[in-house]
Amino acid sequence: MDVSSILDPLNDAQRDAVTSPPAPVLVLAGAGSGKTRVLVHRIAWLCRVEGVSPYGVLAVTFTNKAAAEMRNRVEALMQTPPGGMWVGTFHGIAHRLLRAHWVEAGLPQSFQIIDSEDQFRMLRRVLKGLELDEARWPPRQAQWFINARKDEGIRPGAITDSGDYAAQQWVRVYSAYQAACDRAGLVDFAELLLRAYELLRDRPELLAHYRRRFRHILVDEFQDTNTIQYAWLRLLSGGEIPVFAVGDDDQSIYGWRGARIENIQSFTRDFSGCLTVRLEENYRSTRTILDAANGLIRNNAERLGKTLRTHGDAGDPILLYVAYNERDEARYVAEKLLEMTGEGNHLARSEFAVLYRSNAQSRVFEEAFVERGIPYRVYGGLRFFERAEIKDALAYLRLIVNHDDDASFERVVNRPTRGIGERTLAILRDRARERELSLWQAAGEALVEHLLAARAAGAVRGFLSLIEDAAVRIAALPLAEQIDHAMTVSALKEHYEKEGAERGQARIENLQELVSAGSNFNFDPELHGDLPRLEAFLAHAALEAGEGQGSEGEDCVQLMTLHSAKGLEFPVIVMSGMEQGVFPHRMSADEPGRLEEERRLCYVGITRAQRQLILTCAETRRHYGTDQYNPPSSFLREIPSELIRDVRYGTMRPAGFAGGGVREMGDGELRVGQRVLHNHFGEGIVLGAEGAGRSARVQVNFENVGAKWLVLEYAGLQQI
DNA sequence: CGGCTCCCTCTTTTT
DNA sequence: GAGGGAGCCG
């Protein structure tokens, strides 16, 4: 392969980045400006031209999807698998380091990774143990507190006493939680990163080893790095190993989990001799779409400043459909899809993506698609390895692998019910707490010392030997049979079979699928070392939750959250739920900083579209069992209106509901979603209107008295 | 101890 | 709306 295949497909700025000298490089890459391409070509350039061994390359991303794509593209460009190269997520790489150096990291060899749900349950138990009332000390908040500290690299001992009682309690919880995890050999997501950082920090010989090994570090989505990830990069680089960081401050959407946009600014300061390259030429979208994105993001104050350009044509206008309710919204989207993929059009379903702010919004779309026989695929949501029955089966396996895994012990000790109830468990927990033992050990002691009544003791003994026997029996089996065996002896299968009906059936099928996941599991000695297959599989399950459901191969409409759409592109994008409170989400709409993050999320959504952007919102949305009347998203106003073409209401509109005319009505200022004040009924929101001129009537949903129709001329409504 | 019902809360995004 | 928890009864 010659240099031209690496450089020819690049523009000047991209080429500058790819061929830059071995110094720190910061690539500020706008959406659709060829970010991944630059990374991939940089790797090829280093290996093929600069003579760097693939063994010396470390490439880090945030999602498994992005890592997989990078690996594939490097392979395609270099026409050979990049052997020895480390390509992975921050969490995956941290995990790899901890597996390789578990002794130095102070972990048991069979340590397991817990996901946020496990962490939550764990915290709940810790709170109970500390006798803190859940109502006053919500486990969610504890989780947030602990993860935020870990993301900043702070251990409980390093938290200075602020004198604040609540803060002191949270530190207590943090300590107790960490002790419980350590005892059980459990590592949460934030802990993976923090421990991997501490490992290198406290073991100079290891740090030196990796600095010798890695000649180049490349980081994707750099704007998403948190404090500890940034510190880890700095530490590993040590000012010697060049870091090639690619990022876009306008696409920073993970502030809520500790990501710091400031890392982009710090980079040029902390990595001396840093070269900055800007990629502002967009190859993805029409000019209309880019203008919309630029118009929107302009409203953010905190920006490095960057404007996307294109040589492309204006393309089609953005469509805005104001639906009557969320079902009408879904109906419109489904019919639009049928129209665009129908005869005479060449759009494939897979080129059509529906984005939404929160996972719960997918359901209505799914129903609309099912109704019309449209195949679809949902990304994210409840993923395979997060399903209850799968986690049950995995918990058995984890307990078999590591008897001290308290989280798994609690999960399955009485599932299916085997006569080990709350009382018995309370005795075991007390014992474990007093002696600082795992539940497994406490159970053993309780039996020896006859702390349990005869019946309970029998049940506990039965459970312990069940796990022990299984451990012996499966030791020599292939992975898939290990999984199958565990499900059978634990009676999980039986349990779910008895549940019967559709639900149980689906669960059994999922368990079957888990067995086949086991037989298809790709054990990579390079990645997993001498880790037993089963343990490697369990780690894989925790780190890669898997897809929601996917009929791989079939031509499907794509449904996903705005967050998971990052890094992807589609010819047609529908951004649904463009309503105040939904998007921007009500939890984030009030605080300026968080609103800016929502806006960046909107920017990400818009810039996913190549040819056609469709925005939809609903005037009424059924949420949490009640109807909500949300005004249109403020983001809609920030997109230059000449780019948008309104689409009329659909057929689901009830008779007399002439919402389409509201915009031109009366003084021209009253719009659906507008807040108004009535001197008798108080405050309310305009739901719709009908008629014109003197006979114009508006429907207003008042906060105190509910929805009312008013004749506009006499209503005396004031806008708020 | 287990299973049932009712009621209550909690609602964002992900490794 | 759904899942989880509390409370009750067998």
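All values below were derived from every heavy atom in this structure, side-chain atoms included, with hydrogens, water molecules and symmetry-related copies excluded. In this text, all values refer to a predicted model and were calculated from it rather than measured experimentally. Proteins get letters first, then strands, A, B, ... in listed order; numbering begins at 1 in each.
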Is the CZ atom of A:Arg586 crowded by more than 12 outside heavy atoms at less than 6.0 Å? yes
For A:Ala360 and for A:Gly421, locate the closest nucleotide of DNA chain B by heavy-atom distance; then report the residue assigned to the nucleotide nearer the 5' terminus. A:Gly421
Using a heavy-atom cut-off of 4.0 Å across all strands, would you classify A:Arg423 as base, sugar-phosphate, or nothing? sugar-phosphate
Could you check whether A:Phe90 gets within reach of a base, just the sugar-phosphate, or nothing at all, counting any heavy atom under 4.0 Å? nothing
Counting only side-chain nitrogens and oxygens, does A:Asn64 get under 4.0 Å of the OP1 or OP2 atom of B:dT14? no
Exercise: do A:Asp151 and A:Thr227 side chains pair donor with acceptor under 3.5 Å: no
Between B:dT13 atom P and A:Arg608 atom CZ, what is the distance in whole Å? 19 Å
Can A:Arg600 and A:Glu597 be counted as an ion pair, charged N to O under 4.0 angstrom? yes
Any base atoms under 4.0 Å from A:Arg455, or only sugar-phosphate, or nothing? Heavy atoms, all strands. sugar-phosphate
Just how far, in rounded Å, is C1' of C:dG4 from CD of A:Glu117? 12 Å
Counting only side-chain nitrogens and oxygens, does A:Arg363 get under 4.0 Å of the OP1 or OP2 atom of C:dA2? yes
Go through B:dC1, B:dT13, B:dT12 for me and flag the one nearest to the A:His563 side chain. B:dT13
Quickly work out the A:Gln112 CD to B:dT15 C1' distance and round it to whole Å. 17 Å
Decide yes or no, distance alone: a donor-acceptor N/O pair under 3.5 angstrom between the base of B:dT12 and the side-chain of A:His585. no
Let's test your reading of the model: under 3.5 Å, does the base of B:dT15 pair with the side chain of A:Ser116 as donor and acceptor? yes
Using a cut-off of 4.0 Å on non-hydrogen atoms, how would the nucleic acid contact of A:Ile420 be classed: base, sugar-phosphate, or nothing? sugar-phosphate
Taking NE2 from A:His495 and C1' from B:dG2, how many angstroms apart are they, rounded to a whole number? 12 Å
Checking side-chain polar atoms at under 3.5 Å, does A:Gln361 have a donor or acceptor matched by the opposite partner on A:Ser358? yes
Grab the CZ-C1' distance between A:Arg140 and B:dT9 for me, whole Å please. 12 Å
Comparing A:Gly419 with A:Ser358, nearest DNA chain B nucleotide closer to 5' gives the residue A:Gly419
Nearest-Å distance for atom pair CZ/P, residues A:Arg125 and C:dG5: 12 Å
Examine B:dT14: is either OP1 or OP2 under 4.0 Å from a nitrogen or oxygen in the side chain of A:Thr63? Give yes or no. no
Under the 3.5 angstrom rule, does the side chain of A:Thr61 hit a backbone N or O of A:Asp220 as a donor-acceptor pair? no
B:dC1 phosphate, OP1 or OP2: any side-chain N/O from A:Thr417 under 4.0 angstrom? no
Rounded interatomic separation in angstrom, taking CZ from A:Arg418 and P from B:dG2: 10 Å
C:dG5 phosphate, OP1 or OP2: any side-chain N/O from A:Arg124 under 4.0 angstrom? yes
Base, sugar-phosphate alone, or nothing: which one does A:Asp224 contact when heavy atoms must sit under 4.0 Å apart? nothing
Which donor-acceptor pairs under 3.5 Å do the side chains of residues 189-199 of chain A make with protein atoms, sequence neighbours left out?
unit_1, atom_1, unit_2, atom_2, d
A:Glu191, OE1, A:Lys150, NZ, 2.7
A:Glu191, OE1, A:Arg155, NH1, 3.0
A:Glu191, OE2, A:Arg155, NH1, 3.2
A:Glu191, OE2, A:Arg155, NH2, 2.9
A:Glu191, OE2, A:Arg195, NE, 2.8
A:Glu191, OE2, A:Arg195, NH2, 3.4
A:Arg195, NH1, A:Ala105, O, 2.9
A:Arg195, NH2, A:Asp182, OD1, 3.0
A:Glu198, OE1, A:Arg155, NH2, 2.9
A:Glu198, OE2, A:Arg155, NE, 3.0

A:Arg121 CZ to C:dG3 P, in whole Å, measures 13 Å
Between B:dT13 and A:Asn359, is there an OP1 or OP2 to side-chain N/O distance shorter than 4.0 Å? yes
Would you indicate what A:Arg594 reaches in the nucleic acid, counting non-hydrogen atoms under 4.0 angstrom: base, sugar-phosphate, or nothing? base
